Amino acid sequence: MTQTTYLHFDGLQNPVALEDAAALMPVISQVLSGWPYTTATQCDGRPFVTLKPDTKGFWQLTLDAADGPPRRWDAVNVICDLVAEMAWERLRSDPALLSIHAAGVAFAGRLVVFPNARRAGKSTLTASLAHLGHQIYTDDFLPLRNDAQSGQIVGIANGVAPRIRLPLPEDFSQNLQHWVAADTGPANRQYKYLCGADIAKGGATMPLGAMIILERQSTPVAPSLEQISRADALASLITQNFARAQVSGAILTLLQSVTDQLPVYRLVYHCGDAAAAFLTAHPALQDLPTAKGRGTAAGTLAPLDRLGQTPPSFATDQQYIRADGLTETKVGDEHFLADRDGLSIFRLNAGSVAIWNLLDQPTDLAEVIEILAAAFPDVAQTRIATDSETLMRQLAEARLIVPAAADMAAE
């Protein structure tokens, strides 16, 4: 009879169930060496995920809440999948946390955050920075919170070894290639975990110090670091946030605190190896500041049971007005809005702000079109009408505007 081992990781409410532990535990022990856990042979609750052997050295991963078939992976990829599910379980276990898809790397006592972007080279750059001696808090998901004592916004280490995609780029230095090859971390044809890197212990915290958006070029280019608009930085963090339980107003306020108080840059580069050396020596990443949260309503949870409800309909002949209780943030020429229930964040560009300003008073679609047509005579009225209706419909469905009669009745 197969023995089941239950792994209880710090910060996770429910355990991981592992059948035939002896075959996979060496990989788990290497990759998750910094995430403290205990083992047991019995479980009072329900494991959020179960791993069990499949044929030919593969493994099945089954989620407790999933209706679909198990996912089948080799030993390395099943750990990749497990780590992703542990990120979600971390939020389910502590819904007040905010977590973003990003790498977090230590630079002189501050965390520099690299938000995720497809094919931007985040993991490769993180590995290159680890090779140069930087401590890694995460290369994938970064929980954030306000430190209760200092008030600073800190990142929380997950204790997972960084992962690099194989094969390595040809333009990587021989020194880095030898370092990766010599690492004893588990690997397959796609990935290798770098278990010899300096990995912060799970649960350790460090103040955020800067944010860098990655823009990798397909052709050789010298690395460059340039400041970007805080609106773009805020939009990037909002896009990478996956904390669904915390109200959107709290999320928006916390992320604005980050982008308002910390330097935000864009790194244009081609080779992660060269970019890591460039960032390590760059004076802009020395003596970094910290950010403090402002009224983030930590611990306030969104009514997630309303997510499945049908959104309000939009009537073209109805007067609408801004809903009460919104969180509104202005960054440059752009606005970010969070609804009162805390279920969504909406970005208004410069053109949409004109319509939003009109909705400070009861206004219907026809009046919006008439005012904008007079203000922008060079724009085709059909386009104004289409764009105005689209935006007002989106605002109504997001509960950011409500029928004026309903708003007055509520008062």
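What you see is a predicted model; the values in this text were computed from it and never measured.
The number of heavy atoms from other shown groups lying within 6.0 Å of CZ (R92) is above 12.
Annotation: side-chain hydrogen bond (donor to acceptor under 3.5 Å, both in side chains) contacts of T390 (sequence neighbours excluded): none. Looking at residues two or more places apart in sequence or on another chain, you find no side-chain hydrogen bond (donor to acceptor under 3.5 Å, both in side chains) involving D94.
Between P403 and Y320 the shortest side-chain heavy-atom distance falls below 4.5 Å. In this structure, the side chains of V16 and E89 stay at 4.5 Å or more apart for every pair of heavy atoms.
The aromatic rings of W35 and F9 sit perpendicular to each other, their planes meeting at more than 60°, with 30° as the lower class boundary.
Note on residues 153-168: pairs passing side chain to side chain donor-acceptor pair (under 3.5 Å), not counting sequence neighbours, are T138-N158, R165-Y191. For the salt bridge (Lys or Arg N to Asp or Glu O under 4.0 Å) condition, no pair includes a residue of residues 5-23, sequence neighbours left out.
For D183 and K192, the salt-bridge test fails: no basic side-chain N is under 4.0 Å from an acidic carboxylate O.
With hydrogens and angles ignored, the 3.5 Å screen pairs no side-chain donor or acceptor of Y269 with any backbone N or O of L214. Judged by distance alone, with hydrogens and angles left aside, the side-chain atoms of H270 form a donor-acceptor pair with the main-chain N or O of Q217 at under 3.5 Å.
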Name each donor-acceptor pair under 3.5 Å that joins a side chain in residues 203-212 to protein atoms two or more places apart or in another chain, with its distance.
none

Scan the side chains in residues 274-284 for donor-acceptor partners under 3.5 Å anywhere in the protein, sequence neighbours excluded, and list what turns up.
{"unit_1": "T280", "atom_1": "OG1", "unit_2": "H134", "atom_2": "NE2", "d": "2.9"}
{"unit_1": "T280", "atom_1": "OG1", "unit_2": "A276", "atom_2": "O", "d": "2.8"}
{"unit_1": "H282", "atom_1": "ND1", "unit_2": "A284", "atom_2": "N", "d": "3.0"}

